[in-house]
A.B. asks: 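Take this structure, written in structure tokens, and hold onto it; I'll ask about it next.
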Amino acid sequence: MSATTEAKSSYLDQLNPVQRQAAMATEGPVLVIAGPGSGKTRVLTYRIAHLIEKGAAPWEIMALTFTNKSAREMKERIEKVIGPRANRVWAGTFHSLFAKILRVEAEHIGYPSNFTIYDTDDTKSVIGAIINEMNLNKEQYNVNNIRSRISSCKSNLITPKLYVNRPDLMEEDKLAKRPFFHQIYEKYVGRCKRSGAMDFDDLLFRLFELFQNHPEVTDKYRKKFKYLLVDEFQDTNHLQYSIVKKFINYEGSPRNVCVVGDDAQSIYAFRGATIQNILDFENDFKQHSIRIFKLEQNYRSTEHIVQAANQVISYNRRQIQKTIFSDKGEGQRIKIIKAMTDSEEGKRVADLIVEQKNRWHVSNHEIAILYRTNSQSRVFEEYLRHFNIPYRVFGGMSFYQRKEVKDMIAYLRLAINQQDDEALRRVINYPKRAIGGTTLDKISSAAEMMGRPMWDALPHVDLPGRTRNSIDNFVAMIKDFTQKAQTSDAHTVAEYIARNSGLMDELKKDTTVEGIARLDNVTGLLDGIKTFVEDDTVDELQQTLEDQDPNAATRPSVFDKSLSAYLQNIALMTDLDNADENGDYVTLMSVHSAKGLEFKSVFVAGLEEQLFPSFMSMDTPEGLDEERRLFYVAITRAEQFLTLSYAASRYRFGQERYNPPSRFLDEIGMEHLDAASPIGTSAKPPMGRFDRNTPQESSNGRSGVSGNFKPRGAAQQNVLRADPKTFKPSNPDQIQAGMKVLHLKFGEGKVLSIDGARDKRMATIFFPDLEVDKQKRIMLKFAKLEILG
DNA sequence: GAAGTGATGTTTTTT
DNA sequence: ACATCACTTC
């Protein structure tokens with residue numbers, strides 16, 4: 001394509017014609033249907049860059065994503081095009097951006113601005129307690145079912161009040177033998193509210209409610225955000241789309257909204273996501289000259305892979321018509337590995353990885369093993385270890401989910417928000433303070449009676465002398481922590497709490513390997529808090545809020561290092577967020593977690609009926625379609641090498657099971673399969689060939705070593721670029737634009753500019769040594785900078 | 001209130 | 001296999 005008309009904006013030349021149209025159609029509603037590897041992030045980032053070039057202020061643009069990682073990636077890529085201004089674009093996850101707004105507007109909805117965010121475990125624990133108190137049967141009222149039912153109500157805008165107007169739903173719950181669902185739901189909502197807590201769904205739902213009931217507030221944000229972008233639109237639920245419409249769909253609105261998605265990659269229907277939103281979007285904006293673009297060229301994979309993917313997805317019943325194509329050449333055919341056992345599958349995959357490394361010089365980080373369930377990782381770990389191939393397992397239990405970490409965080413939460421019942425329950429008797437179940441029941445029923453959080457009930461409960469004493473000591477201790485949190489930074493308080501709560505002493509008592517690991521995790525958390533406190537870069541989003549808000553002084557500042565700020569920061573973090581980008585390891589993860597990623601070589605394992613497709617989903621057409629989309633996502637992660645594997649027998653639930661090869665294998669045409677592959681004759685189970693000719697080298701599965709291969713999260717530190725011993729921070733007042741400076745963590749940098757006055761002086765500094773985000777904005781008051789000249 | 005026993009149910013989960 | 005949990009026993 002020639003660059004005649006848009007010569008001045010050269011970045012647009014890097015787009016193909018459809019991509020470019022989509023990026024430049026800045027006014028009015030736009031729907032982009034983007035196949036896998038079709039450059040959708042590229043379109044989004046160039047679209048934002050283009051908006052800013054055309055004069056939009058960065059903070060007038062909101063880009064909503066599903067993961068922190070993709071938000072970060074987007075920001076980095078915008079920064080490459082337009083520089084550090086990019087950091088003031090409101091790009092983030094639905095949950096994190098909405099939480100930021102809710103903290104500012106909390107008073108309108110009767111929440112404290114330092115509200116706690118309840119994670120799934122907290123939620124389940126609240127529901128469990130309610131079921132207990134109501135003396136309901138725990139089998140009929142399964143906590144997980146109730147939790148997802150509540151979540152789905154919220155995602156469909158059904159409050160407890162509205163629920164009683166829905167005879168269909170009440171009938172469903174009656175049939176499911178849980179007629180008291182409504183009462184549980186109502187209690188749950190009430191209890192979160194009085195605990196000053198929001199669960200993940202509340203972060204969305206409460207914003208919707210705020211907009212619904214406070215037009216003046218809605219108006220403010222409608223004016224603020226002139227352009228809205230939504231990534232992975234196929235994964236939005238009804239509630240998320242409703243909020244998008246609140247922002248954008250009103251009388252007189254320019255409706256500058258761009259949603260990007262792919263119905264074929266929708267894999268979260270089980271959580272309420274619905275591709276109906278894509279179809280609705282088309283309808284809802286029909287009257288407003290909506291433009292629709294289809295990105296159909298795949299720049300990621302070779303032709304065999306793309307065509308196989310097309311064949312597979314064509315078996316799904318309903319889909320938006322599109323033809324994905326690649327011009328990367330035929331490439332390698334798809335290999336299929338047939339193993340007798342799951343253990344042999346592990347070995348054969350590891351063998352092939354070794355071969356690919358030798359023959360094609362594929363690096364570890366270019367390889368991924370994907371599977372349907374996390375428990376499948378073990379056999380691969382075993383053989384990768386055997387071949388000394390470094391690997392990393394994603395998923396499973398995250399750092400923040402570990403008991404000891406949660407305990408520590410519960411203390412921190414309680415110091416900030418004493419209304420937080422879940423935190424209180426967690427630590428009131430840990431370490432042991434002789435406050436048992438009986439006492440806890442008394443406290444919680446007193447709280448229920450008062451309609452107040454448990455903390456408020458503590459002084460009023462009638463208790464035997466010894467218990468009373470324990471409670472009083474506990475209360476005094478927490479008050480002391482709260483006091484401390486008001487005056488010290490997050491790390492100082494956290495250390496203080498770790499020591500004085502008795503938690504550290506308790507952990508130190510356990511000298512087993514696991515016990516030491518637990519203590520390590522808590523110190524790791526403390527290190528993480530230290531890093532947070534020492535980080536002297538500015539929170540750009542907070543700053544735009546401050547810039548625009550006359551009452552900013554009463555709000556958290558851009559440079560807030562309080563415990564409260566830290567907790568807000570980590571509440572929405574996951575394990576994937578601390579992945580280190582530069583390591584050379586093979587990636588092992590579930591297909592779900594692999595969405596959005598790409599690898600030169602991909603192995604999709606466990607392609608057997610009952611496993612992939614999963615036995616939980618395969619009996620309904622909708623379930624099966626979703627499994628197929630999941631398989632589609634899996635194979636479209638591969639750039640050049642795709643290997644599919646299955647085993648005739650596999651240990652599942654402690655028993656050896658035999659399952660036929662997955663039907664999905666049959667859906668790939670022979671012409672795309674490696675001739676040496678065993679499929680094709682017929683994908684029927686190889687009945688009668690169950691003889692045991694499997695190599696038996698490591699059949700016992702349980703290897704003695706249990707090295708910690710799981711991500712360690714918080715503990716990772718930046719490489720120190722300056723020697724802390726010789727480092728002497730200079731007087732920040734003397735720092736001027738143009739100077740060369742040394743930063744303790746970022747190394748040498750050049751001061752590009754200074755803005756702000758006195759306390760708020762800020763420097764924009766360029767650090768050439770950094771991998772990403774080379775330009776940082778640093779608050780001089782706190783800076784750790786040495787002037788070099 | 002701890003510690004041991006037997007029954008039970010197992011997917012995926014960006015936030 | 002493995003974790004979770006209700007229930008028993010000390």
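In what follows, chains carry the letters A, B, and so on, assigned in the order in which the sequence lines appear, proteins first and then strands, with residues in each chain numbered from 1.
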A.B. asks: Does the side chain of A/Ser343 pick up a donor-acceptor pair with the side chain of A/Tyr383 at under 3.5 Å?
C.D. replies: yes
A.B. asks: If we check side-chain contact (heavy atoms from CB on, under 4.5 Å) with A/Ser564, which of these qualifies: A/Asn417, A/Asn569, A/Leu412, A/Ile416?
C.D. replies: A/Ile416
A.B. asks: How many whole angstroms separate atom CZ of A/Arg402 from atom P of C/dA3?
C.D. replies: 14 Å
A.B. asks: Take the angle between the ring planes of A/Tyr371 and A/Phe380 and call it parallel below 30°, perpendicular above 60°, tilted in between.
C.D. replies: parallel
A.B. asks: How long is the line joining CG of A/Asp121 and C1' of C/dA3, in whole Å?
C.D. replies: 14 Å
A.B. asks: For A/Ala434 and A/Gly654, find the nucleotide of DNA chain B closest to each by heavy atoms; which residue's nucleotide sits nearer the 5' end?
C.D. replies: A/Ala434
A.B. asks: Do A/Leu644 and A/Phe631 have side-chain heavy atoms sitting under 4.5 Å apart?
C.D. replies: yes
A.B. asks: Tell me which of A/Asn429 and A/Thr93 sits closer to the 5' end of DNA chain B, going by the nucleotide each one is nearest to.
C.D. replies: A/Asn429
A.B. asks: In this structure, how many angstroms lie between the P atom of B/dG1 and the CZ atom of A/Arg433, rounded?
C.D. replies: 14 Å
A.B. asks: Measure all distances between protein nitrogen or oxygen atoms and nitrogen or oxygen atoms of nucleotides 11-13 of chain B, and list the pairs falling under 3.5 Å.
C.D. replies:
from	atom 1	to	atom 2	distance (Å)
B/dT11	O2	A/Arg372	NH1	3.2
B/dT11	O2	A/Arg372	NH2	3.1
B/dT12	OP1	A/Asn374	N	2.7
B/dT12	O4'	A/Arg372	NH2	3.0
B/dT12	N1	A/Arg372	NH2	3.4
B/dT12	O2	A/Arg372	NH2	2.6
B/dT13	OP1	A/Ser590	OG	2.5
B/dT13	OP1	A/Ser593	OG	3.1
B/dT13	OP2	A/Asn374	ND2	3.1

A.B. asks: Figure out the CG/C1' separation between A/Asn144 and C/dT4, and round it to whole Å.
C.D. replies: 11 Å
A.B. asks: How would you list, by chain and number, every residue that makes a side chain to side chain donor-acceptor pair (under 3.5 Å) with A/Thr93, sequence neighbours excluded?
C.D. replies: A/Ser96
A.B. asks: Within this structure, what is the CZ-to-P distance between A/Arg657 and B/dG9, rounded to whole angstrom?
C.D. replies: 14 Å
A.B. asks: Over how many whole Å does the gap from A/Gln655 atom CD to B/dG9 atom P extend?
C.D. replies: 15 Å
A.B. asks: What is the distance, rounded to the nearest whole Å, between atom NZ of A/Lys403 and atom P of C/dA3?
C.D. replies: 16 Å
A.B. asks: Side chain to side chain donor-acceptor pair (under 3.5 Å) with A/Lys124: which residues, sequence neighbours excluded?
C.D. replies: A/Asn144
A.B. asks: Can you tell me the distance, in whole Å, between the CG atom of A/Asn137 and the P atom of C/dC5?
C.D. replies: 15 Å
